[in-house]
Amino acid sequence: MIRRLAPDDAPELARLLVANRTFLAPVEPLHAEDFFSPDGQRARIEAAEHLYAILERDVLVGTISLSNVVRGPCQSAHVGYWVDEMRNGRGLAARAVAELVDLSFTELGLHRLEAATLVDNGASRRVLEKNRFTRIGVAPRYLRVGGGWRDHVLFQRTVED
């Protein structure tokens with residue numbers, strides 16, 4: 001279901017991002033034009049420590065990532081994910097999050113995962129709730145998305161949950 005992205009995935013990932021550009025625009029930060037190119041994605045993959053492909057029958061259909069990994073007494077990270085518009089509603093994101101939670105709490109030894117969704121993004125909220133993430137509040141003007149600062153609902157899951 002998930003695997004670490006490799007530089008060879010860059011052309012396919014760029015194609016998928018271009019195909020989903022309009023779909024993702026309301027929920028994604030603005031990106032420079034180079035982000036949507038194979039070279040831009042190759043650089044992103046090479047720089048990322050925890051960027052994974054979401055697969056459906058070995059076909060790349062989205063990504064899931066851990067960012068802002070904090071070690072020491074915190075042992076936490078932020079989860080982000082998206083799935084191709086044509087494959088929404090199949091449970092792919094929920095299964096990918098479940099796999100990433102397992103990887104995070106076992107292999108990576110993390111204690112806490114955090115995720116944020118736009119206030120009106122019910123589908124993403126359901127993905128987190130299916131994976132036993134708990135709503136911890138609303139962060140006003142949390143992220144600059146679609147050219148404006150947007151409120152987000154914050155969720156967390158700890159290894160004890």
Side-chain angles (χ1 to χ4, degrees), residues 1-69 76-108 110 113-131 133 139 141-155 157:
M1 182 81 224
I2 68 171
R3 68 163 170 78
R4 191 176 299 261
L5 280 163
D8 289 348
D9 293 316
E12 182 60 18
L13 182 53
R15 185 204 63 72
L16 193 61
L17 284 163
V18 168
N20 283 274
R21 193 170 188 169
T22 301
F23 171 65
L24 293 173
V27 297
E28 279 280 306
L30 297 176
H31 295 289
E33 203 54 42
D34 184 54
F35 179 84
F36 298 95
S37 72
D39 287 342
Q41 287 307 302
R42 188 171 296 105
R44 179 175 169 232
I45 291 166
E46 289 171 350
E49 188 175 354
H50 298 287
L51 182 59
Y52 303 90
I54 298 174
L55 303 170
E56 182 182 45
R57 293 186 217 101
D58 294 325
V59 175
L60 178 63
V61 298
T63 66
I64 188 165
S65 64
L66 292 175
S67 59
N68 301 326
V69 177
S76 71
H78 186 89
V79 178
Y81 52 87
W82 66 273
V83 173
D84 176 42
E85 179 180 22
M86 301 304 290
R87 293 173 171 96
N88 268 219
R90 296 184 190 178
L92 297 169
R95 288 194 299 275
V97 168
E99 282 192 38
L100 191 67
V101 166
D102 183 57
L103 173 78
S104 298
F105 291 155
T106 58
E107 202 174 305
L108 301 177
L110 295 175
L113 296 174
E114 181 177 310
T117 69
L118 286 162
V119 172
D120 58 352
N121 190 341
S124 191
R125 197 167 40 253
R126 284 187 296 280
V127 165
L128 296 170
E129 290 166 348
K130 285 179 184 178
N131 281 283
F133 278 70
R141 298 170 303 284
Y142 180 72
L143 250 176
R144 190 171 173 86
V145 174
W149 291 101
R150 305 279 304 277
D151 297 352
H152 282 68
V153 180
L154 300 181
F155 291 84
R157 177 160 171 198

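Distance CG/Leu5 to CD/Gln41: 8.5 Å, rounded to 0.5 Å. Rounding to the nearest 0.5 Å places OH of Tyr142 at 10.5 Å from OG1 of Thr117. Note that CD of Glu85 is 5.0 Å distant from CZ of Phe23, once rounded to the nearest 0.5 Å. To the nearest 0.5 Å, atom CH2 of residue Trp82 and atom CG of residue Asn88 are 10.0 Å apart. A distance of 4.5 Å separates CG of Leu100 from CD1 of Ile64, quoted to the nearest 0.5 Å. Glu114 contributes atom CD, which lies 9.5 Å from atom OG of Ser67 (distance to the nearest 0.5 angstrom).
The shortest side-chain heavy-atom distance between Leu103 and His50 does not fall under the 4.5 Å cut-off. Between Leu24 and Leu17 there is a side-chain heavy-atom pair separated by less than 4.5 Å.
Under the 3.5 Å distance criterion, the side-chain polar atoms of Arg126 are left unmatched by any main-chain donor or acceptor of Asn121. Listed for the Asn131 side chain is a donor-acceptor partner under 3.5 Å among the backbone atoms of Val127. Side chain of Asn68 to backbone of Ala77: no donor-acceptor contact under 3.5 angstrom is found.
What you find for Leu51 and Ser65 is that their closest heavy atoms are CD1-CB, 3.9 Å. Closest non-hydrogen pair, Ala116 versus His78, comes out as N-CE1, 3.6 Å. Scanning both residues, Arg141 and Trp149, for their nearest heavy atoms gives O-CE3, 3.6 Å. Residues Ile45 and Pro7 come closest through the heavy atom pair CG2-N, 3.7 Å. Summarising the geometry of Phe36 relative to His31, their closest heavy-atom pair is CE1-CB, 3.9 Å, with the distance given to 0.1 Å. When every heavy atom of Phe105 is checked against every heavy atom of Arg157, the shortest pair comes out as CZ-O, 3.6 Å.
Remark: of the listed residues Arg15, Arg3, Arg4, Arg3 is the sole one forming a salt bridge (Lys or Arg N to Asp or Glu O under 4.0 Å) with Asp9.
In this structure, Met1 places its CE atom where more than 12 heavy-atom neighbours from other residues, nucleotides or ligands lie under 6.0 Å away.
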Intermediate values then yes/no, side chain to side chain contact (heavy atoms under 4.5 Å, CB included), Leu113 and Leu66: CA-CA 9 Å; Leu113 296 174; Leu66 292 175; 3.9 Å; yes
Side chain to side chain contact (heavy atoms under 4.5 Å, CB included) assessment of Phe155 paired with Val79: CA-CA 10 Å; Phe155 291 84; Val79 178; over 6 Å; no
For residues 55-62, which side-chain N or O atoms pair as donor and acceptor with protein atoms under 3.5 Å away, sequence neighbours left out?
from, atom 1, to, atom 2, distance (Å)
Glu56, OE1, Arg87, NE, 3.1
Glu56, OE1, Arg90, NH1, 2.9
Glu56, OE2, Arg90, NH1, 2.9

